[in-house]
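Written below as structure tokens is the structure these notes are about.
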2 protein chains.
Amino acid sequence: MAEKAKNVTQMHRARQGEITPQMLRVAERDGIDAELVRDEVAAGRMVVPANVNHAALDPIGIGKAASIKINANFGNSAVASDIDGELEKLHLAVHHGADTCMDLSTGGDINGIRQAIVDASTVPIGTVPIYQVIAELEDGRDWTAEDLLGMIEHQARQGVDYMTVHAGILSKHLPLVNKRITGIVSRGGSLMAQWQLEHGRENPLYERFDELLDIAAAYDVTLSLGDGLRPGCLADASDAAQFAELDTLGELTKRAWQRDVQVMVEGPGHVPFDQIAMNVERQQEVCDGAPFYVLGPLVTDIAPGYDHITSAIGATAAGAAGASYLCYVTPREHLGLPNAEDVKQGVIAYKIAAHAADVARGFPGARERDDALSRARFGFDWNEQFALSLDPETAKEMHDETLPDGYFKTAEFCSMCGPKFCSMHVTREIQRNTGLGEIPLEAKQ
Amino acid sequence: MAEKAKNVTQMHRARQGEITPQMLRVAERDGIDAELVRDEVAAGRMVVPANVNHAALDPIGIGKAASIKINANFGNSAVASDIDGELEKLHLAVHHGADTCMDLSTGGDINGIRQAIVDASTVPIGTVPIYQVIAELEDGRDWTAEDLLGMIEHQARQGVDYMTVHAGILSKHLPLVNKRITGIVSRGGSLMAQWQLEHGRENPLYERFDELLDIAAAYDVTLSLGDGLRPGCLADASDAAQFAELDTLGELTKRAWQRDVQVMVEGPGHVPFDQIAMNVERQQEVCDGAPFYVLGPLVTDIAPGYDHITSAIGATAAGAAGASYLCYVTPREHLGLPNAEDVKQGVIAYKIAAHAADVARGFPGARERDDALSRARFGFDWNEQFALSLDPETAKEMHDETLPDGYFKTAEFCSMCGPKFCSMHVTREIQRNTGLGEIPLEAKQ
């Protein structure tokens, strides 16, 4: 176990008044002041996940003063996928704009896969350590507190930047889920609850939270306080179980901050659109402004196969209301392990959500790219439109399907309307005919 | 021209105290009271687009007292598509859940295509009559007020249920677009503005609005007051041009209601997420609660190829805030004429938006389908999950790609997590182990 005395976290250094190279980089990437980054990290309102053993890392900041970040999950399961597939998903996710990735592998050579991912990745890598504990057992209930803490330290040593720990799901919360339609839908949460009930013991991560903080402080692992009781359907949203656990997460947030450990708080899940802002505001209040890391939320349960869309709607609303970090959901959520195309679709949907939310909350400079693309659109500079778009290849392919010739890359129309019905072409024609580049103040007589 | 004396509109009959067969059917479909439908239609807060010449129609209601409806646009352009393709798009759109369809054809045998679509369609069909006027001319500026009014009556006779008319774009509004990035982006709006400027005349549909009302009253064409100056990018949203035209649309709404003509009001377009509710509230106030028919809005301009998603986000927010009718946007918006797959993707995205908004605003019974699907999910009844989902084939295909065998249709896991890590499987195991079907109040000692 790590020594208690040693503390290498960004929060510790921020509180000492230091602007670290990581904070400088975060400031540079988001176009914000380095002093602001330090102040926010010191206050706990921003995290910079940066394990001291993650050599390839190019750090990012997560918090309200930064741009909204998105996370892509992947990892194999016992049922499907292999190491090459996972590395391809990492590459694809980062290529399309994922700010962080979680390796959720639960089968095969887990240590090898994780080390390969950490070594290859410039973005922060997260894990859920309980998965590996259980993957390595015959019976998923047959583990001890020492096994879990040992696994957390093992993964910290590997260079994992942030870890989901389900430390807030207490035995007294569990009966609160009995009224639910979908029970416990967090994987880690259900495994932890099962252990608590089978062994008749309190949550070991809660009871031994100080030891967890020792490890986090020694490697600078950012703790992501998992919401093991998050709702798994609209009917279960904002219920007593969810908010009871949130209160515990608020308590753990303060305990982490007392030890200068970086912490963020995870949130739902499935939430009706009208309850999203309330959920964000409640988390911000209960957890004193610790960054909120939401999984969607999905705003309806009826669209399996399209949950990147149902959840991007919720994620936009959450980001606009103050969530700082959006965990993507792929089209294959609830149906199977995502493949490479699913990962891409999930990332793009969440780039949209994060960006739209940044525009909505007035993050400085966020709208510049929209305006630049709109100028290119009005100027019929098709190549510039493609270049400025989130997925240039797809935009170009869709355009070129009907008008492939190079000539059409500067044409004042596309196949949607044709030249006679292109509104922007007509507007430009009006402007040209007046000779002023403007619509005249008085109509021609 | 139609006789002034004759008025066959649903609004006229509602105001006479009649509950028409159309109103009864609207009430039945939405599970609301027929008296309520009549009251809302009489007050103008609901429209039932139902041209007396549309024999195959199965009517729907659009308004805050009804469930939110979605519209799919298609139609050929001079550049691409044919009649069989358009009928296939109609079929696909209705199959996936479009409540209405607009035929926006601008090339080929327009009359033949439209008549085929009206004859085949059980859903209300809409058009933008100015398109056909201009499609049939060499020079798109060379038409008269009589041409346009004649075309409107011709299409009314064909059985078109609702028509977009750009009657609110006045000459005094036009200089207000000079500060914009993307000028005028409504096709009809730009064509009307061009005519006004070239001929030095006021908008003929505004000047001769009473004649338009005569036609609408004679066939019961619901007027959809087009927002010719809607913003085409985030930067242009909520500007002086948009709101000046909205004020005119409010004035025209009241004039239509004086003649018992059904009317709805069209809205943007491209709007930052934080301005959407304000836009809906403003329309509802200016137009005295006339149904708001929004095109998205898109919440970012940077994702061509994915504008079904950028706009479904905005459409959900608009619906939750009080918009009654959502015009879909396909992935190919801004890039080309949508093909059949694009139509499907657009419709599904908007079914999601409309449903999520109905849940958010507490429309009676809206959440029942979510709850039923969630129960099937927790019960691992995969076939029932597929059946209850918006796109059963896609959901089943995604699931079956890794676990095709019939055995897995009742298995307590999917390939996403596998059996050991399925949270709902673990929850059910906990329930089974207690013998109570519940998580016990006290943990095992």
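Below, read A as the first sequence line, B as the second, and so on, with proteins coming before strands; counting in each chain starts at 1.
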Quick one: does [X]'s side chain get under 4.5 Å of [Y]'s, heavy atoms only?
| X | Y | value |
| --- | --- | --- |
| B:Tyr306 | A:Ile352 | yes |
| B:His308 | A:Ile309 | yes |
| A:Val185 | B:Phe378 | no |
| B:His334 | A:Cys414 | no |
| A:Asn339 | B:Glu401 | yes |

Engaged part of [X] at the chain B interface, taking heavy atoms whose separation is under 4.5 Å:
| X | value |
| --- | --- |
| A:His425 | neither |
| A:Tyr131 | both |
| A:Arg367 | side chain |
| A:Ala320 | side chain |

Which one of [options] has the most heavy-atom pairs closer than 4.5 Å to chain B?
| options | answer |
| --- | --- |
| A:Thr182, A:Thr394, A:Val299 | A:Thr182 |
| A:Leu298, A:Asp371, A:Val359 | A:Asp371 |
| A:Pro304, A:Gly140, A:Ala357 | A:Pro304 |
| A:Cys422, A:Pro331, A:Pro338 | A:Pro331 |
| A:Ile276, A:Asp342, A:Leu388, A:Asp391 | A:Asp391 |
| A:Glu333, A:Lys172, A:Glu202 | A:Glu333 |

Does [X] reach the main-chain N or O of [Y] with its side chain, forming a donor-acceptor pair under 3.5 Å?
| X | Y | result |
| --- | --- | --- |
| B:Ser389 | A:Ile302 | no |
| B:Thr427 | A:Ile184 | yes |
| B:Lys420 | A:Leu137 | yes |
| B:Lys351 | A:Ala303 | no |
| A:Ser415 | B:Leu337 | yes |

Under 4.5 Å from any heavy atom of chain A, what part of [X] do you find: side chain, backbone, both or neither?
| X | result |
| --- | --- |
| B:Arg377 | side chain |
| B:Leu373 | side chain |
| B:Ala317 | both |
| B:Thr310 | both |
| B:Ala135 | both |

Highest number of heavy-atom pairs under 4.5 Å with chain A: which of [options]?
| options | value |
| --- | --- |
| B:Ile181, B:Leu390, B:Thr300 | B:Ile181 |
| B:Ala366, B:Ala235, B:Ala312, B:Ala349 | B:Ala235 |
| B:Ser374, B:Gly305, B:Gly362 | B:Ser374 |
| B:Gly379, B:Pro392, B:Gly336, B:Gly314 | B:Gly336 |
| B:Asp370, B:Ile134, B:Asp274, B:Ile313 | B:Asp370 |
| B:Ala356, B:Ala372, B:Gly232 | B:Ala356 |

Spacing of [atom1] belonging to [X] relative to [atom2] belonging to [Y], to within rounding of 0.5 Å:
| X | Y | atom1 | atom2 | answer |
| --- | --- | --- | --- | --- |
| B:Phe273 | A:His355 | CZ | NE2 | 14.0 Å |
| B:Gln194 | A:Glu429 | CD | CD | 5.0 Å |
| A:Ser190 | B:Ile430 | OG | CD1 | 6.5 Å |

- Counting only heavy atoms not in B:Glu368, do more than 12 sit closer than 6.0 Å to its CD atom? no
- Note on the structure: Tested for side chain to side chain contact (heavy atoms under 4.5 Å, CB included) against B:Leu335, the lone hit among A:Glu397, A:Lys396, A:His399 is A:His399
